[in-house]
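Down below is the structure, laid out as structure tokens.
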Amino acid sequence: MAKMRLKDPSKKYRRFKPLDIPNRQWPSKTLDKVPRWLATDLRDGNQSLVDPMDGEQKFRYFQMLVKLGYKEIEISYPSSGATDFDFTRRLVTTPGVVPNDVWLQVLSPCRKELIKRTVESLKGAKKAILHLYLATSPCFQQIVFGMDNEQSMALAVECTKYARSITKDDPNSGVEEWAYEFSPETFSDSDPEFVLKVCEGVKAAWEPSVENPIIFNLPATVEMSTPNVYADQIEFFCTKISEREKISVSLHPHNDRGCAVAAAELAQMAGADRVEGTLFGNGERTGNVDLVTLALNLYTQGIHPGIDFSDLNSVIDVVETSNKIPVHPRQPYGGQLVVCAFSGSHQDAIKKGFQARETAGATSTDPWVMPYLPLDPEDIGRTYEAIIRVNSQSGKGGVAWIIKRTLQLDLPRGLQVAFSKIVQRETDMLGREMLPNEIKDLFTEAYHLNRNPRFSLIDYNITTDRSSTTTAAAPPTTVTTDASKPAQTTSGKTAPSRNLLRKFDGVIEIDGTEHHLTGSGNGALSALAHALNNLGIDIDIADYKEHSIEKRGAGVGGEGEGGKERKGRDTQAATFIECTAMGQAQKVWGVGIHEDVVQSSLFALLGAASSFLSSRPSTPVPFRPKRSNTLDMEPSSPLSGVQVECEGNGAPKGSADAVGKLEKAAEGTEKVNDGAVAVNGDGEAH
Ligand SMILES: CC(=O)SCCNC(=O)CCNC(=O)[C@H](O)C(C)(C)COP(=O)(O)OP(=O)(O)OC[C@H]1O[C@@H](n2cnc3c(N)ncnc32)[C@H](O)[C@@H]1OP(=O)(O)O
Ligand SMILES: CC(C)C(=O)C(=O)O
């Protein structure tokens, strides 16, 4: 393994000497107000790009910044050349582009001819901030300028006086309102006492007022220390500078050590009023401080930042197109992956969090208490659909979430476990994420929602089987329309259902051949189960659950309508039945969806029957299954990933009668999802 070049880096890289401020106040302050924001995307951001923006791109970007709510925008370095000069002119001369309350800021070095050109570019503007900079650190003074403190100070003051003479003191400057900003560049590496001296001199030269304060922008041109040291430097400046009320202290953190956001936040606690940065932190080297993160950090503390990031995706579009740099997928708030969870335990927690909100009837303004998600994705225009994504690291919770959102099905826990194994097998095989539509299709196929490969319910009647009534005579009845409710008499009275059997009399097409079947049971479902018994299909029910669906999803239940809302009949029943087959230890789930709850449960039972048979594609019907503890699964079967669950000696537990008991137990239970019934191996409803 390669070694770091220096065994002892302390000779080459000297530790930053922090300020000695024994009474620093900022650590016990909190961030509780919104600063003045200055967006410098079009200047500091732009100057660091491989291909700087052209006039059109800058124009579009500017319009976006205005729309987001920025009131101070550094638009250019006009003396750099035609692109920035012309762009400045375009903004100033195009009516209606710059709102009356927006300040245009432009940057110039302390060189008179360049200051003059810069000021010229603004002729006609309403509000303009002229921004001059001069480095104050020993490193820059010595290496870049060959100047000492006195010369630097003199240049800063002289250029400020010159700037004043051609701006606010010049009635013909052509700008309605001037403000002035001075940056002691490399502030973060400068002697704080010297910075104070320079700024006092500049202030005296400009003569600000309380109404129109001078902006002292104190940049971490290069981030050189931990953020607390920057905060100390800012607090030192804020407490020592005279006429503080005539000064707006501004921050301009760069991100060389990756702490720009922290530095900006601590430095605001230390007294700064204003922050300069860029969207998503584009800028020299590692970038400027990220204004999106700063704003949304405030928002998630309950403070509106005054900037509108409710459609963050369209902001990202403009930023990426203009900068030609992608926003990192893990970028705070904006990254595509930051509101996504792939791992099972995260998905499970998030799903439970959303369920808790739903149960509590929480609205979009109620307190946000959500595992793993510090911000409601919908507040920044992200949909909940994208939160949970499924790959081989995912579990049942995530899969259930996708099915809930794509098909509106609340899968019972057992079905979640069963289906997630099918998904797991698929993701392991694919070696990639499965998209929600793929998972939906896999579910639809695995549970025969579009097409039952073996069974079709052609026609059926459920009637009261009067010949099988065991006790007191029951009045004549008609078909019940809800498997979970007692049958209705023709007069509308409730029949004494515990004494009545239902009769299934219908035609079922099995493998292309129609069979006329009859069977009786305690309810429609058990009647069908008994009817199937006649063909040697001996199915027992271990669990039963149903719920209603508000709107119909695409292609569900074999009669899909492409996901269109079906007005007037948009409530359906979804039924989930867990079954064992005679002689099979393994359980399978059947799912049915239909407007009619009885039909939905019949579909579910036939779906389960089909799954048993489909796992043995060559099994003829009628058939007699052999008793065994395992079910041979064809690798191609969608259910072949299901783990075989053995119970006892493989003898069937429960029976078609258990189905009847389930139905009895479900009677009077309008929404079984609120009071699910299950049956144990002895066929007892519980
Ligand atoms: C920290 C920052 O982001 S500062 C902003 C930086 N942005 C830019 O530089 C983008 C626009 N810049 C430009 O287009 C050009 O640099 C110009 C037009 C300003 C100047 O171009 P040139 O005259 O060719 O000078 P060049 O760029 O080679 O070098 C900069 C010169 O300005 C001087 N300089 C640098 N900063 C300043 C300053 N704040 N005040 C006065 N002079 C300065 C340098 O010392 C150097 O002077 P020298 O030629 O006497 O050695
Ligand atoms: C001009 C100044 C403010 C600057 O961009 C910096 O110091 O990074």
Side-chain angles (χ1 to χ4, degrees), residues 13-29 35 110 131-145 147-157 159-160 180-206 208 213-257 259-260 262-277 288-289:
Y13 300 105
R14 267 165 292 157
R15 195 171 299 180
F16 195 87
K17 199 163 171 282
L19 286 185
D20 181 23
I21 313 184
N23 292 322
R24 59 176 67 78
Q25 299 296 305
W26 65 262
S28 45
K29 301 266 174 62
C110 286
H131 179 192
L132 301 195
Y133 68 102
L134 185 67
T136 47
S137 73
C139 162
F140 274 62
Q141 284 178 329
Q142 288 153 25
I143 296 174
V144 183
F145 301 102
M147 286 198 259
D148 60 18
N149 276 359
E150 255 172 48
Q151 289 166 314
S152 298
M153 166 98 186
L155 184 60
V157 171
C159 286
T160 302
Y180 181 59
E181 170 169 333
F182 178 77
S183 292
E185 196 202 349
T186 63
F187 165 82
S188 48
D189 193 27
S190 301
D191 170 8
E193 296 284 2
F194 178 58
V195 170
L196 268 179
K197 202 169 162 203
V198 172
C199 289
E200 290 289 1
V202 166
K203 176 159 67 71
W206 183 262
I214 188 169
I215 301 164
F216 283 129
N217 185 47
L218 308 177
T221 304
V222 177
E223 187 176 50
M224 319 257 322
S225 64
T226 50
N228 59 307
V229 173
Y230 185 59
D232 278 351
Q233 292 169 327
I234 298 295
E235 184 168 302
F236 180 88
F237 184 91
C238 287
T239 50
K240 300 278 180 196
I241 190 85
S242 64
E243 299 184 292
R244 177 69 179 86
E245 68 286 0
K246 295 181 183 172
I247 294 158
S248 179
V249 173
S250 180
L251 307 171
H252 184 106
H254 279 270
N255 198 33
D256 299 81
R257 294 167 53 95
C259 300
E265 292 183 334
L266 300 189
Q268 286 175 75
M269 288 155 58
D273 314 295
R274 185 175 183 271
V275 181
E276 299 193 348
N288 287 71
V289 70

**Q.** Nearest-0.5 Å distance that lies between atom NE2 in His254 and atom CD in Glu276
**A.** 9.0 Å
Q | Non-hydrogen atoms of Val157 and Gly201 that approach each other most closely | A | CG2-C, 3.8 Å
(Q) Which heavy atom of Ala272 sits nearest to which heavy atom of Cys238, and what is that distance? (A) N-SG, 4.2 Å
Q) Heavy-atom distance under 4.5 Å between the side chains of Asp189 and Val222, does that happen here? A) no
**Q.** Residues which pass salt bridge (charged side-chain N to carboxylate O under 4.0 Å, His left out) with Glu185, listed by chain and number, not counting sequence neighbours
**A.** none
Q. If you take all heavy atoms of Pro253 and Ala264, which pair is closest and at what distance?
A. CG-CB, 3.9 Å
Q.
Is a donor from one side chain sitting under 3.5 angstrom from an acceptor on the other, for Trp26 and Asn228?
A. no
Q: Evaluate the side-chain proximity of Tyr230 to Cys259: yes if any heavy-atom separation is below 4.5 Å, no if none is.
A: no
Q) Which distance, rounded to the nearest 0.5 Å, do you find between the CZ of Arg274 and the CG of Leu218? A) 11.0 Å
**Q.** Residue pair Thr186, Cys139: steps toward the side-chain contact (heavy atoms from CB on, under 4.5 Å) verdict
**A.** CA-CA 9 Å; Thr186 63; Cys139 162; over 6 Å; no
Q: Determine, stepwise, if the pair Phe194 / Gln141 fulfils side-chain contact (heavy atoms from CB on, under 4.5 Å).
A: CA-CA 12 Å; Phe194 178 58; Gln141 284 178 329; 3.3 Å; yes
Q: Output yes when a side-chain donor or acceptor of Ser137 lies under 3.5 Å from a complementary backbone atom of Ser190, and no otherwise.
A: no
**Q.** Closest approach of Gln233 to Leu19 (non-hydrogen atoms, all atoms of both residues)
**A.** CA-CD1, 3.7 Å
**Q.** Candidate pair Leu196 and Phe216, rule side-chain contact (heavy atoms from CB on, under 4.5 Å), full reasoning
**A.** CA-CA 10 Å; Leu196 268 179; Phe216 283 129; over 6 Å; no
Q.
Could you report the tightest heavy-atom contact between Cys110 and Phe182, atom names first, then the distance?
A. SG-CE1, 4.5 Å
Q: Mark yes when over 12 heavy atoms from residues, nucleotides or ligands other than Lys29 sit less than 6.0 Å from its NZ; otherwise mark no.
A: yes
Q) Partners of Lys203 by salt bridge (charged side-chain N to carboxylate O under 4.0 Å, His left out), sequence neighbours excluded? A) Glu200, Glu243
Q. Atom CE in Met153, atom CG in Leu134: separation rounded to 0.5 Å?
A. 11.5 Å
Q | Atom pair CZ/OG of Phe16 and Ser188 - distance to nearest 0.5 Å | A | 6.5 Å
Q. Checking side-chain contact (heavy atoms from CB on, under 4.5 Å) for the pair Gln268/Ile234: CA distance, chi angles, key distance, verdict?
A. CA-CA 8 Å; Gln268 286 175 75; Ile234 298 295; over 6 Å; no
Q | Side chain to side chain, Thr226 and Arg257, heavy atoms closer than 4.5 Å | A | yes
(Q) For Glu150, I'd like to know if atom CD has over 12 heavy atoms of other residues, nucleotides or ligands within 6.0 Å. (A) no
Q: Report yes if some heavy atom in the side chain of Arg244 is under 4.5 Å from a heavy atom in the side chain of Asp273; otherwise report no.
A: yes
Q | Heavy-atom pair of closest approach, residues Asn255 and Glu223 | A | C-OE1, 3.5 Å
Q.
Strictly below 4.0 Å, N to O, side chains only: are Asp191 and Lys197 in salt-bridge contact?
A. no
Q. Mind checking whether Cys199 and Ile241 have side chains closer than 4.5 Å, heavy atoms only?
A. yes
Q) When rounded to the nearest 0.5 angstrom, what distance separates OG1 in Thr221 from OH in Tyr133? A) 10.5 Å
Q: Name the orientation class of the two ring planes belonging to Trp206 and Tyr180 (parallel below 30°, tilted from 30 to 60°, perpendicular beyond 60°).
A: parallel
